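Written out below as structure tokens is the structure these notes cover.
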Amino acid sequence: MGAGGRMSAPPTRKNPETDNLKRVPYSKPPFTVGQIKKAIPPHCFQRSVIHSFSYVFYDLTIAFLLYYIASNYIQPLSQPFSFLAWPVYGFVQGCVLTGVWVIAHECGHHAFSDYQWLDDTVGLILHSALLVPYFSWKYSHRRHHSNTGSIERDEVFVPKQKSAIGWYSKYLNNPPGRFLTLTIQLTLGWPLYLAFNVSGRHYEGFACHYHPYGPIFSDRERLQIFLSDAGVLAVVYGLYRLAVAKGLAWVVCYYGGPLMVVNGFLVLITYLQHTHPSLPHYDSSEWDWLRGALATVDRDYGILNKVFHNITDTHVAHHLFSTMPHYHAMEATKAIKPILGDYYQIDRTPVFKAMFREAKECIYIERDEGDKKGVFWYNNKL
């Protein structure tokens, strides 16, 4: 009871689910990239060789310790305990190696050090060890950052308009169908993208990350594509020799299982960063780089945020300033939030719940009814 006998109105409760799905603004922002950059402390843009290598050594040390534990404590286990222990090892080791993949990703953005040759050397070694063609990925990923949110030129998880979705989509638009789709996506999505550019931008001709003369790459990039292929082939040959010496089961348990976890997380992380009911996509009449860079969302993976070096919950800042080292991205994200306002989107929905929600809600993109602007939103009405 307040002054004059009036009762104060109860505070309005916010619904996190509704807030998460609220569309972000799509008009030209009232700020510039320069203004965003000024809000970030200058030291956040400084790259340190020692600091960056400390994460390489940290991740590889943990990976070696997990290998040691598996060799000495899991391999001697009898059945059925070994059947339970190997999947646990594969998941944990896969999470750690996803962090290694992220460091190589830093190298591809020239965010590891001030020396391009060092970044490319470290990136080539680490990515090749995970069967990723480093330079091939680097060049297509760079074009993704240059064209994020463009329905014509973006490189990965490019959404389709309703007229372009397959006839089978309506038969998969149910819980079992979505489970099947996500299972295939998380297990085969990454190798299919590298080999056949599945879910990527349309190219004339055979688009393949292993094909030096394919349409993805320019003439000046082709020599390095051969180098990427050589790195992957060297690791494949090493795995073959290990299989001959120790058996195929050994390679599958120690390497194959963790690699599948890495590949699954790469697809899941990228999918959830760029697929969300609140995010717009643009055709050439509306797209510009800043609005495209803002058409992404930060996600919360809990403790895995740290394991993945915060590539998950600082993705908006990463798209704005991709040469910034990951170890400054949290500070930078905090600094830019007041500038971005409603243009900044973070969704803390549990990851696996969000995965199934996005698979249900984000089937194709279309303009709002009666809207002739080149702004497209996700829809699911088949």
Side-chain angles (χ1 to χ4, degrees), residues 17-31 33 140-141 143-170 172-173 177-178 181-182 185 189 193 197-204 207 267-299 315-316 318-320 340-347 349 354-382:
E17 184 71 16
T18 302
D19 290 346
N20 286 334
L21 300 180
K22 181 182 177 181
R23 289 180 175 182
V24 299
Y26 63 86
S27 58
K28 289 185 180 295
F31 47 78
V33 177
S140 67
H141 189 68
R143 282 188 277 275
H144 159 62
H145 271 257
S146 298
N147 300 284
T148 307
S150 167
I151 64 174
E152 293 126 342
R153 299 187 306 276
D154 202 352
E155 286 283 343
V156 64
F157 280 114
V158 182
K160 296 180 180 180
Q161 297 186 49
K162 188 174 184 178
S163 59
I165 63 174
W167 59 268
Y168 48 82
S169 296
K170 63 180 180 180
L172 296 174
N173 191 27
R178 287 189 283 273
T181 301
L182 287 169
Q185 188 171 300
Y193 170 69
N197 204 40
V198 172
S199 84
R201 169 186 170 182
H202 173 73
Y203 283 97
E204 295 296 333
V267 173
L268 180 61
I269 291 169
T270 309
Y271 174 69
L272 291 182
Q273 285 166 341
H274 297 283
T275 307
H276 195 279
S278 73
L279 298 179
H281 287 75
Y282 306 95
D283 68 15
S284 57
S285 69
E286 285 284 339
W287 183 88
D288 62 66
W289 182 86
L290 179 55
R291 282 194 287 173
L294 294 172
T296 183
V297 57
D298 287 350
R299 301 279 189 169
H315 194 66
V316 175
H318 171 65
H319 261 275
L320 291 169
L340 300 185
D342 289 339
Y343 285 85
Y344 173 76
Q345 174 71 306
I346 184 169
D347 191 338
T349 303
M355 177 178 71
F356 281 98
R357 184 191 67 195
E358 275 35 316
K360 178 182 178 182
E361 300 292 336
C362 304
I363 298 177
Y364 60 89
I365 55 169
E366 65 179 1
R367 296 181 178 92
D368 283 341
E369 188 174 351
D371 190 352
K372 295 185 179 180
K373 294 179 180 179
V375 181
F376 296 77
W377 303 93
Y378 278 111
N379 207 332
N380 65 349
K381 296 179 176 62
L382 294 176

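Here the structure is a predicted model, which means the values were calculated and not measured.
Residues V33 and W289 come closest through the heavy atom pair CG2-CZ3, 3.7 Å. Minimum heavy-atom separation, L21 to P277: CD2-CG, 3.7 Å. When all heavy atoms are compared, the tightest approach of N197 to Y203 is ND2-CD1, 3.7 Å. Taking all atoms of both residues into account, the shortest heavy-atom contact from V316 to D298 is N-OD1, 2.9 Å. Closest approach of I151 to V158, counting heavy atoms only: O-CG1, 3.8 Å. In terms of heavy-atom proximity, Y378 sits nearest to C362 at CD2-CB, 3.4 Å.
For K160 (side chain) and G166 (main-chain N/O), no donor-acceptor pair under 3.5 Å exists by modelled atom type. Remark: the backbone N or O of A293 is not paired with any side-chain donor or acceptor of T148 at under 3.5 angstrom. Proximity of a side-chain donor or acceptor of N380 to a complementary backbone N or O of K360 within less than 3.5 Å is detected. Proximity of a side-chain donor or acceptor of W287 to a complementary backbone N or O of H281 within less than 3.5 Å is not detected.
The distance from the CD atom of E152 to the CG atom of D283 is 5.5 Å, given to the nearest 0.5 Å. The CE atom of M355 sits 5.0 Å away from the CG atom of L182 when rounded to the nearest 0.5 Å. Within the model, atoms CG of L340 and CG of L320 stand 6.5 Å from one another, a figure rounded to the nearest 0.5 Å. Atom CD1 of I363 and atom CG of N173 lie 3.5 Å apart (nearest 0.5 Å). Going from atom OH of Y282 over to atom CD1 of I365 covers 11.5 Å, rounded to the nearest 0.5 Å. To the nearest 0.5 angstrom, H276 atom NE2 is 11.0 Å from Y271 atom OH.
R299 has a carboxylate O that lies under 4.0 Å from a charged side-chain N of E358, or vice versa, which qualifies the two as a salt bridge. Remark: R201 does not engage D154 in a salt bridge, criterion side-chain N to carboxylate O under 4.0 Å.
Between L272 and F157 the shortest side-chain heavy-atom distance does not fall below 4.5 Å. For the pair V375/R23, no side-chain contact is recorded, criterion being any heavy-atom separation below 4.5 Å from C-beta on.
Using modelled atom types and a 3.5 Å distance limit, the side chains of E155 and Y193 yield no donor-acceptor pair. Residues Y343 and S27 bring a donor and an acceptor atom of their side chains to less than 3.5 Å of each other. Looking at Q345 and S278, their side chains do bring a donor and an acceptor atom within 3.5 Å of each other.
Of the candidates R291, K373, K28, R291 is the only one forming a salt bridge (Lys or Arg N to Asp or Glu O under 4.0 Å) with E286.
H141 and H145 have perpendicular rings, their planes meeting at more than 60° on a 0 to 90° scale where under 30° would count as parallel. Ring geometry for H318 against H315 counts as tilted: the plane angle lies between 30° and 60°, on a 0 to 90° scale.
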Apply the test ring pair (Phe, Tyr, Trp, His ring centres under 6.0 Å) to residues H319 and H144: give CA-CA distance (whole Å), side-chain angles for both, the deciding distance (0.1 Å), then the verdict. CA-CA 10 Å; H319 261 275; H144 159 62; 5.1 Å; yes
